[in-house]
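One structure is given below, encoded as structure tokens.
Letters go in sequence order (proteins before strands), and every chain restarts at 1.
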There are 2 protein chains.
Amino acid sequence: MPEGTKDIRDQIIESAVKIFARYGLRKATMEDIAKANNRAKSSLYHYFSSKEDIFKAVIKREGNILKSEILNAIAREKLPTDKLRTYFKARMNALNRLANVYSAFQDEYLENYKFIQKFRSQFDSFEIETIKSILKQGIEKKIFEIDDLDLTAFTIVVGMKGLEYHWATEKDIKKLNRNIDTLFDLLFNGIKRR
Amino acid sequence: MPEGTKDIRDQIIESAVKIFARYGLRKATMEDIAKANNRAKSSLYHYFSSKEDIFKAVIKREGNILKSEILNAIAREKLPTDKLRTYFKARMNALNRLANVYSAFQDEYLENYKFIQKFRSQFDSFEIETIKSILKQGIEKKIFEIDDLDLTAFTIVVGMKGLEYHWATEKDIKKLNRNIDTLFDLLFNGIKRR
DNA sequence: AAATTTTCGACTAAATTAGTCAAATGTTTC
DNA sequence: GAAACATTTGACTAATTTAGTCGAAAATTT
């Protein structure tokens with residue numbers, strides 16, 4: 001695909017996000033996406049090879065937004081402690097903002113797709129690495145005391161996943177933020193240098 | 001359909017509400033509804049003759065809920081003035097609560113169905129009659145002064161529809177409630193006995 | 001105005017879906 | 001307990017929808 005084409009590809013992706021968010025991969029049709037973009041269905045195939053191809057692009061885009069939101073948020077903090085707490089909240093907020101796309105993303109039907117599994121595991125890696133780098137800084141600054149860095153980072157990510165599940169069904173944002181703080185404090189007091 | 005059958009019919013309608021709310025009439029499949037009800041698709045046809053038939057039942061049910069919520073709300077008020085204001089708010093709140101179903105209901109694709117048009121016009125009649133009865137009480141109690149009752153009731157309903165349209169795109173509930181009050185005051189000062 | 005990119009409508013093969021049906025299972029009634 | 005009835009189901013089909021193709025028309029660039 002040529003150069004200036006980027007804009008229209010992006011346009012299509014943007015429409016597709018909404019359609020996928022509303023209907024999920026299965027029920028969203030190329031016709032739906034095309035209409036939302038004021039184009040004929042066949043035009044889409046000039047930019048993407050298949051519906052799955054568009055979906056991949058959507059997932060990639062939303063994933064990148066999620067990652068950069070998290071990275072930006074923790075970049076604003078100086079202390080590893082604050083970075084960690086901010087990471088928690090930024091993750092929840094970003095996920096909250098993406099709630100629609102995300103709920104489509106949770107669709108069990110998607111689990112069968114290999115590229116979704118790949119994306120998930122890539123995102124897991126990103127999270128573990130990010131947490132690890134925060135923990136490392138904490139160790140260097142003598143704020144944290146951790147035996148097994150990998151295992152600790154992994155455990156933290158798993159813990160957040162648990163919270164995320166709870167979050168999916170929790171409407172009370174206030175209560176949720178308190179949960180985040182509680183989990184954080186519990187974790188923090190476990191790893192803080194005594 | 002036999003007698004004790006009612007329970008299961010209702011069960012099916014309840015599942016169907018959720019499915020229609022999520023996907024709309026077009027994209028909701030009998031299979032979806034059946035699954036949500038832990039039944040085989042063919043079982044549904046024992047209780048309903050078609051998908052459209054289920055949809056009609058859903059619309060009827062939600063319409064009745066809407067009506068009774070409104071009627072209950074205004075029954076709690078004594079003064080015609082308060083009844084009118086309460087009507088406004090109850091209508092908005094009920095519609096708000098039914099937001100999902102309602103958004104599916106707004107689908108342009110539905111406009112082609114005759115029974116939807118029929119339902120709409122029946123609901124319009126209900127609203128106009130309800131408003132008229134409130135206005136009548138107001139006139140009797142010398143609180144309102146109205147020339148053409150029918151035309152006034154009609155105008156009020158049309159006004160609320162306009163607000164409803166605005167509401168559909170307005171996320172700020174606070175602002176919306178202020179709008180309701182404003183519209184109400186404007187209207188009220190127009191019909192109040194001087 | 002030639003070359004290239006973009007759009008589109010018409011088309012097809014494959015998949016999905018509404019609705020049917022006959023048989024299986026479950027429940028009542030005598 | 002078996003006849004009568006109600007309910008559920010899986011297999012099936014006809015009709016519709018849908019992903020993806022293709023050749024040619026617009027639009028844009030060179």
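- Pairs engaging residues 121-141 of chain A under the ring-ring contact (aromatic ring centres under 6.0 Å, His included) rule: A/F123-A/F126 [sequence neighbours left out].
- At whole-Å resolution of the value, NZ in A/K35 and C1' in C/dT7 are 17 Å apart.
- Applying the side-chain contact (heavy atoms from CB on, under 4.5 Å) rule to B/A40 yields the partners B/S42, B/S43; only residues at least two apart in sequence or on another chain are considered.
- Annotation for B/M30 and B/L44: closest pair O-CD1, 3.5 Å, computed over non-hydrogen atoms.
- Looking at residues two or more places apart in sequence or on another chain, you find a side-chain hydrogen bond (donor to acceptor under 3.5 Å, both in side chains) between B/D150 and B/K132.
- Comparing the start and finish of the helix from C/dA1-D/dT30 to C/dC30-D/dG1, five pairs each, the helix axis swings through 30°, to the nearest 10 degrees.
- Residue pairs that meet the salt bridge (Lys or Arg N to Asp or Glu O under 4.0 Å) test with at least one member in residues 29-43 of chain A, sequence neighbours left out, are A/D32-B/K27.
- For A/K56, the side-chain contact (heavy atoms from CB on, under 4.5 Å) partners are A/E52, A/F115, not counting sequence neighbours.
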Give the B/S/- string for nucleotides 8-30 of chain D, one per nucleotide from 5' to 3', where a protein heavy atom under 4.0 Å of the base yields B, of only the sugar-phosphate yields S, and otherwise -. BBB-------SBBBB--------

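- Rounded to an integer number of Å, the gap from A/D7 CG to C/dT7 P is 11 Å.
- Remark: B/E77 engages B/T86 in a side-chain hydrogen bond (donor to acceptor under 3.5 Å, both in side chains) (not counting sequence neighbours).
- Look at CD1 on B/I19: it is 12 Å from P on C/dT17, rounded to the nearest Å.
- Rounded to whole angstrom, the span from the CZ atom of B/F48 across to the C1' atom of C/dA18 amounts to 16 Å.
- In terms of the side-chain hydrogen bond (donor to acceptor under 3.5 Å, both in side chains) criterion, B/Y45 has no residue partners (sequence neighbours excluded).
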